[in-house]
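Working notes for the structure below.
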Amino acid sequence: MRFADRLNAATRDSLLCVGLDPDPSKFPGDWQGDARRIADFCCAIVDATADLAAAFKPQIAYFAAAGAEDQLLRVIRHIRAKAPQVPVVLDAKRGDIGATATLYAREAFERFEADAVTLSPYMGFDTIEPFLSWQDRGVFVLCRTSNPGGDDFQMQRLADVDGQPRLFEELARRAQTEWNRIEGQVGLVVGATYPRELARVRELAPTVPLLVPGVGAQGGDAVATVQANGQGSVLVNSSRAILYAGRQRTDFAEQARAVALATRDQLQAAR
């Protein structure tokens, strides 16, 4: 099954992507500060939210910094067992050329068995192309990110391109056209903190899947995000607001579920 088909099936009843950014310093109770509990913590969140999530997005840096790549694989396999219909997006933001890009693709799709991966496009299409050899997997390319520093380059105009589009606009155009050799294989990352630009991306790339971080702790508005997206395929990510809703409590998973449920319902209502 193509990634786009899996994504469309997963988003019929939910647009919520649950980000897995496990920070042991924020773990509850006796687990606090214990990196050996990363998989236990994430699996508890998965169990509590699997029926609410359209996708899970583990951020690889939180695992790698603790030497916990084996725990990441355990978490992904737990997702497969608990919710086999829910795609896994590996948030790695890789961006390199040639053989290195090919190895990063193998890391994402073979070692960690992800359905999709986030990529940085700023070295050009040859950093993306090796990932497209896995025709049943997807990529989400950074386009208009939620951090303030995204303005440094993404909002700059391209003087040598007709119409002088901003860089993020040109990325959206390319994702819609020459990069998407298999429909829906290439998606874009657009921050919820910039709904106006999100609407512009959707105008330029009407059929491209979007991954939208920034709802929750970063201040993005869920309703504005869904309205700006229109009818296109979209995953709206929330990480810290869900993970650490009950960080001081032993029922942290139940608290995470409550926030995930409220966010899922808010997104559905806006839809």
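Under the rule for a side chain to side chain contact (heavy atoms under 4.5 Å, CB included), the partners of Glu178 that lie at least two apart in sequence or sit in another chain are Arg173, Arg174. Contacts of Arg257 classified as salt bridge (charged side-chain N to carboxylate O under 4.0 Å, His left out), with partners at least two apart in sequence or in another chain: Asp51.
Looking at Gln71, its side chain does come within 3.5 Å of a backbone N or O of Ala35 through a donor-acceptor pair. Checking side-chain atoms of Thr193 against main-chain N and O of Ser146 turns up a donor-acceptor pair under 3.5 Å. Within the 3.5 Å criterion, the main-chain N or O of Ala175 finds a donor-acceptor partner in the side chain of Asn180. Using modelled atom types, one side-chain atom of Tyr244 and one backbone atom of Asp23 make a donor-acceptor pair closer than 3.5 Å.
Considering OG1 of Thr11 and CG of Leu16, their distance stands at 12.0 Å, rounded to 0.5 Å. To the nearest 0.5 Å, the span separating CG on Asn8 from CZ on Arg2 amounts to 8.0 Å. With rounding to the nearest 0.5 Å, the separation of CD in Gln231 from OG1 in Thr207 is 14.0 Å. To the nearest 0.5 Å, atoms CG (Asp13) and CG (Leu52) are separated by 11.0 Å. With rounding to the nearest 0.5 angstrom, the SG atom of Cys42 is 8.5 Å from the CG atom of Leu72. To the nearest 0.5 Å, the span separating CD on Glu170 from SG on Cys143 amounts to 10.5 Å.
Placement of Leu235 and Val139 in two distinct hydrophobic clusters is found when ILVMFWY residues are connected by side-chain heavy-atom separations under 4.5 Å, directly or transitively. Taking hydrophobic clusters as Ile, Leu, Val, Met, Phe, Trp and Tyr residues chained together by side-chain heavy-atom distances below 4.5 Å, Met123 does not share a cluster with Phe168.
Taking the six-membered ring wherever Trp is involved, the centroid distance between the rings of Phe27 and Phe252 does not fall below 6.0 Å.
The nearest pair of heavy atoms linking Leu210 to Phe140 is C-CE2, 3.9 Å. Between Cys17 and Leu211, the shortest heavy-atom contact is SG-CD1, 4.3 Å. In terms of heavy atoms, Pro58 sits closest to Val89 at CD-O, 3.2 Å.
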Show your reasoning for whether side-chain contact (heavy atoms from CB on, under 4.5 Å) applies to Phe131 and Gln185.
CA-CA 10 Å; Phe131 293 83; Gln185 189 179 19; over 6 Å; no
Is there a side-chain contact (heavy atoms from CB on, under 4.5 Å) between Val223 and Arg271? Walk through the geometry before answering.
CA-CA 8 Å; Val223 173; Arg271 203 174 191 180; over 6 Å; no
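Using a cut-off of 4.0 Å between Lys/Arg side-chain N and Asp/Glu carboxylate O, Glu197 and Arg166 are scored as not salt-bridged.
Checking Val208, Leu171, Leu188 one by one against Val201, the side-chain contact (heavy atoms from CB on, under 4.5 Å) holds for a single residue, Leu188.
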